[in-house]
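Okay, so here's the structure we're looking at.
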Protein chains: 2
Amino acid sequence: MTQVFKQPASPKQAARRRSRLDSLLDPELFRALADPTRSKLLACLIKCSRPCSVTEIAQCCDLDFSMVARHLATLARSGVLTANKQGRTVWYQAPPDLAARFRAIADAIDELTPTDCCEGDCCG
Amino acid sequence: MTQVFKQPASPKQAARRRSRLDSLLDPELFRALADPTRSKLLACLIKCSRPCSVTEIAQCCDLDFSMVARHLATLARSGVLTANKQGRTVWYQAPPDLAARFRAIADAIDELTPTDCCEGDCCG
DNA sequence: AGTATACTTGCATTGTGACGCAAGTATTCA
DNA sequence: TGAATACTTGCGTCACAATGCAAGTATACT
């Protein structure tokens with residue numbers, strides 16, 4: 001009995017229902033990932049699994065250095081990367097809770113999805 | 001021993017490594033969710049957990065009907081909604097595998113993240 | 001056939017974001 | 001103190017996406 005609420009009768013009613021999903025489905029997060037360059041940078045940082053400087057990262061892609069710096073700052077602003085300034089270099093890294101952030105979205109969706117217990121005829 | 005690969009020495013090496021994550025971190029998916037109106041529409045459809053027509057859905061939001069139709073088409077094109085045309089009405093619905101899509105991203109990230117087995121001094 | 005319904009498409013406007021270049025700031029090193 | 005390094009910011013250009021309105025298409029209903 002995952003489903004402890006009544007199904008809304010209409011989309012209008014559904015839109016009024018508050019849920020964890022509302023905050024998790026954050027456009028700001030997705031906007032950060034919507035740019036192909038940024039999504040590649042993020043993938044790169046995840047694979048690296050250690051703090052990397054902008055200079056290092058800029059060597060991955062054929063892009064103006066200032067653009068790389070801006071993209072990384074954008075990713076950090078949306079919480080998809082952590083930034084750590086030490087002296088004159090900024091160390092960017094994928095935060096440990098990044099996977100959890102996506103898993104939370106998945107969980108929130110599941111939470112709102114009625115489990116189809118009636119496949120076959122078990123619920124006669 | 002989740003980590004069966006060597007850590008890349010540099011972001012440049014990391015960028016070359018192929019991973020499931022590369023295709024899962026799809027900018028097209030995120031671009032669809034990056035618009036606040038669209039993310040609200042999607043949340044609405046998830047909460048509704050049944051097929052809804054454009055007319056029904058348009059009553060949720062203070063937006064031109066044609067825009068709602070366009071947004072829903074965009075979401076469907078990116079695979080975040082399914083569209084089913086019957087007669088003159090189109091039924092949109094959040095697909096059953098939507099949560100799985102986000103969970104797959106989470107899993108792919110975990111797969112690339114070395115498990116920190118050395119907390120404390122166990123690996124001394 | 002004619003009308004209403006449900007959606008799609010064309011179009012003009014407007015805003016925003018990606019981009020490169022150049023200049024600026026902050027920190028380190030000699 | 002001066003120069004090099006590592007980033008940040010300002011600015012102009014360009015492309016594209018969101019929006020509303022109006023017109024078009026496809027389907028159902030009478």
Side-chain angles (χ1 to χ4, degrees), chain A residues 10-12 15 25-45 48 50-93, chain B residues 10-12 15 25-45 48 50-93:
Chain A
S10 68
K12 200 164 183 176
L25 234 45
D26 178 15
E28 283 308 299
L29 166 65
F30 297 124
R31 212 170 51 76
L33 303 173
D35 182 82
T37 305
R38 276 198 297 270
S39 92
K40 282 194 194 73
L41 288 173
L42 176 62
C44 179
L45 265 295
C48 231
R50 66 164 175 86
C52 297
S53 69
V54 180
T55 307
E56 275 182 309
I57 301 165
Q59 288 162 3
C60 301
C61 41
D62 197 20
L63 199 65
D64 189 72
F65 179 89
S66 75
M67 273 314 300
V68 176
R70 264 191 274 240
H71 278 314
L72 291 170
T74 301
L75 288 168
R77 230 178 298 115
S78 74
V80 172
L81 290 180
T82 61
N84 186 0
K85 182 157 195 169
Q86 276 186 326
R88 58 187 166 181
T89 99
V90 183
W91 300 98
Y92 284 102
Q93 187 172 23
Chain B
S10 67
K12 200 164 182 177
L25 234 46
D26 178 16
E28 283 309 298
L29 165 66
F30 297 125
R31 212 167 53 77
L33 303 173
D35 183 84
T37 306
R38 276 198 297 268
S39 93
K40 281 194 195 72
L41 288 173
L42 175 63
C44 179
L45 265 294
C48 231
R50 67 162 176 85
C52 297
S53 69
V54 179
T55 307
E56 275 182 310
I57 302 165
Q59 288 163 3
C60 300
C61 41
D62 195 20
L63 200 64
D64 188 72
F65 178 89
S66 74
M67 273 314 300
V68 176
R70 266 191 272 241
H71 278 316
L72 292 170
T74 300
L75 288 167
R77 231 177 298 115
S78 74
V80 173
L81 289 180
T82 60
N84 187 0
K85 182 157 195 168
Q86 275 186 327
R88 58 187 167 183
T89 99
V90 182
W91 299 98
Y92 285 101
Q93 187 173 24

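A, B, ... follow the sequence lines: proteins, then strands. Residue 1 opens every chain.
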Q.
Any N or O donor-acceptor pair under 3.5 Å from the base of C/dG17 to the side chain of B/Arg31?
A. no
Q) Got a donor-acceptor pair under 3.5 Å from the side chain of A/Arg70 to the base of C/dG20? A) yes
Nearest 0.5 angstrom please: [X] [atom1] to [Y] [atom2], how far?
{"X": "A/Leu33", "Y": "A/Leu75", "atom1": "CG", "atom2": "CG", "value": "7.0 Å"}
{"X": "A/Trp91", "Y": "A/Leu72", "atom1": "CH2", "atom2": "CG", "value": "13.0 Å"}
{"X": "A/Thr74", "Y": "A/Asp35", "atom1": "OG1", "atom2": "CG", "value": "8.5 Å"}
{"X": "A/Asn84", "Y": "A/Ser53", "atom1": "CG", "atom2": "OG", "value": "12.5 Å"}

Q) Going 5' to 3' along DNA chain D, which nucleotides are the first and last within contact of chain B (any atom under 4.0 Å from a heavy atom)? A)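 Span of nucleotides near chain B: D/dA17 to D/dA28.
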Closest approach of [X] and [Y], non-hydrogen atoms and distance?
{"X": "B/Glu56", "Y": "B/Arg50", "answer": "OE2-NH2, 3.0 Å"}
{"X": "B/Leu41", "Y": "B/His71", "answer": "CD1-CB, 3.6 Å"}
{"X": "B/Ser78", "Y": "B/Leu29", "answer": "CB-CA, 4.5 Å"}
{"X": "B/Tyr92", "Y": "B/Ala83", "answer": "CE2-CB, 3.5 Å"}
{"X": "B/Ala34", "Y": "A/Pro27", "answer": "O-CB, 3.5 Å"}
{"X": "B/Arg38", "Y": "B/Arg31", "answer": "NH2-O, 3.2 Å"}

Q. How is A/Ser53 classified with respect to the nucleic acid when contacts are heavy atoms under 4.0 Å: base, sugar-phosphate, or nothing?
A.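 Sugar-phosphate, no base atom in range.
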Please give, in whole Å, the distance from [N] [atom2] to [X] [atom1]?
{"X": "B/Met67", "N": "C/dT14", "atom1": "CE", "atom2": "P", "value": "17 Å"}
{"X": "B/Asp64", "N": "C/dG10", "atom1": "CG", "atom2": "C1'", "value": "14 Å"}
{"X": "B/Leu72", "N": "C/dA6", "atom1": "CG", "atom2": "P", "value": "15 Å"}

Q: List in numerical order all residues of residues 34-42 of chain B for which some heavy atom is under 4.0 Å away from an atom belonging to DNA chain C.
A: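 Nucleic-acid contacts, sorted: none.
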Q. Among residues 73-92 of chain A, which contact DNA chain D at a heavy-atom distance under 4.0 Å?
A. A/Arg88, A/Thr89, A/Val90
(Q) Side chains of A/Phe65 and A/Arg70, heavy atoms from C-beta outward: is any pair under 4.5 Å? (A)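 Contact flag for A/Phe65/A/Arg70 side chains = no.
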